[in-house]
Amino acid sequence: MMMRNLQLMEYRTGFEPDVESTAQFMRTELATALRKGPFQVNILVGGYDELDGQAKMYWMDYLGTLQQVTKGAHGYAGYFVNSVLDNNYKKDMTL
């Protein structure tokens, strides 16, 4: 459903939505669904923003909370992975 609506938005405007617009749209949809029949999902949304020339990642929980982050993990090992990232992540890391 969300993918189709994003494609419709692109068709209507003639522009592909950037990472932040996509994350905000998904947050709005989750917040609206929370009042009707909530989705039980946690999401990491990431992409490359061509306007800013940088990669962006957003963390979103099932309540519609949205936060831009530099690192993140969800799921079964999420707490463990987040602790490893907290201890070892450096802003100037490369692959």
Side-chain angles (χ1 to χ4, degrees):
M1 175 185 91
M2 287 190 203
M3 192 67 180
R4 295 288 184 210
N5 283 330
L6 287 168
Q7 290 172 343
L8 178 62
M9 184 188 314
E10 180 179 352
Y11 176 75
R12 286 181 174 168
T13 63
F15 298 101
E16 182 178 358
D18 63 354
V19 181
E20 185 173 358
S21 298
T22 301
Q24 289 289 347
F25 174 77
M26 293 175 77
R27 190 210 71 78
T28 303
E29 291 295 312
L30 285 174
T32 302
L34 184 62
R35 292 162 184 81
K36 297 176 183 175
F39 298 111
Q40 296 295 318
V41 297
N42 294 318
I43 305 169
L44 283 172
V45 179
Y48 184 77
D49 191 341
E50 294 180 2
L51 296 175
D52 292 341
Q54 63 182 0
K56 292 185 178 181
M57 183 166 53
Y58 294 88
W59 176 91
M60 190 180 328
D61 70 358
Y62 69 97
L63 297 173
T65 305
L66 179 66
Q67 181 67 44
Q68 186 173 358
V69 294
T70 55
K71 57 194 179 315
H74 281 300
Y76 183 72
Y79 291 116
F80 172 73
V81 172
N82 278 318
S83 69
V84 170
L85 291 172
D86 285 339
N87 289 328
N88 298 308
Y89 176 80
K90 294 172 186 57
K91 190 171 182 116
D92 60 348
M93 290 176 78
T94 62
L95 295 175

Rounded distance (nearest 0.5 Å) linking atom CZ of Arg27 with atom OG1 of Thr32 =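 The distance works out to 8.0 Å.
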
If you measure from CG on Asn5 to CE on Met9, what distance do you get to the nearest 0.5 Å?
->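 Separation between the atoms: 7.5 Å.
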
Output all residues satisfying salt bridge (charged side-chain N to carboxylate O under 4.0 Å, His left out) with Asp61, sequence neighbours left out; order by chain, then residue number.
->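 Listed in chain order: nothing, the list is empty.
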
Can you run down the salt bridge (charged side-chain N to carboxylate O under 4.0 Å, His left out) pairs that involve residues 1-18, sequence neighbours left out, and say none if there aren't any?
->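 Residue pairs passing salt bridge (charged side-chain N to carboxylate O under 4.0 Å, His left out), neighbours aside: none found.
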
Can you pull the salt bridge (charged side-chain N to carboxylate O under 4.0 Å, His left out) pairs that have at least one residue in residues 67-88, sequence neighbours excluded?
-> Lys71-Asp86

Are Thr70 and Leu85 side-chain neighbours, meaning at least one heavy-atom pair lies under 4.5 Å?
->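 Counting from C-beta outward, Thr70 and Leu85 never come under 4.5 Å.
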
Do you know which two heavy atoms are closest between Leu66 and Tyr58, and how far apart they sit?
->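 Scanning both residues, the minimum pair turns out to be CD1-CB, 3.6 Å.
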
Where Gly46 and Val19 come nearest, the two heavy atoms and their spacing |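 Looks like C-CG1, 4.3 Å.
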
Name each donor-acceptor pair under 3.5 Å that joins a side chain in residues 87-95 to protein atoms two or more places apart or in another chain, with its distance.
| unit_1 | atom_1 | unit_2 | atom_2 | d |
| --- | --- | --- | --- | --- |
| Asn87 | ND2 | Ser83 | O | 3.2 |
| Asn88 | ND2 | Val84 | O | 3.2 |

Rest of the hydrophobic cluster containing Val69 (Ile/Leu/Val/Met/Phe/Trp/Tyr, side-chain heavy atoms under 4.5 Å)?
->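 Members besides Val69, by chain and number: Leu44, Met57, Trp59.
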
Pairs involving residues 8-35, ordered by first then second residue, that meet ring pair (Phe, Tyr, Trp, His ring centres under 6.0 Å) (sequence neighbours left out) | none

If you draw a 6.0 Å radius around CD in Gln54, do more than 12 non-hydrogen atoms from other residues or ligands fall strictly inside?
->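 Yes, CD of Gln54 has more than 12 neighbouring heavy atoms, counting only those of other groups under 6.0 Å.
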
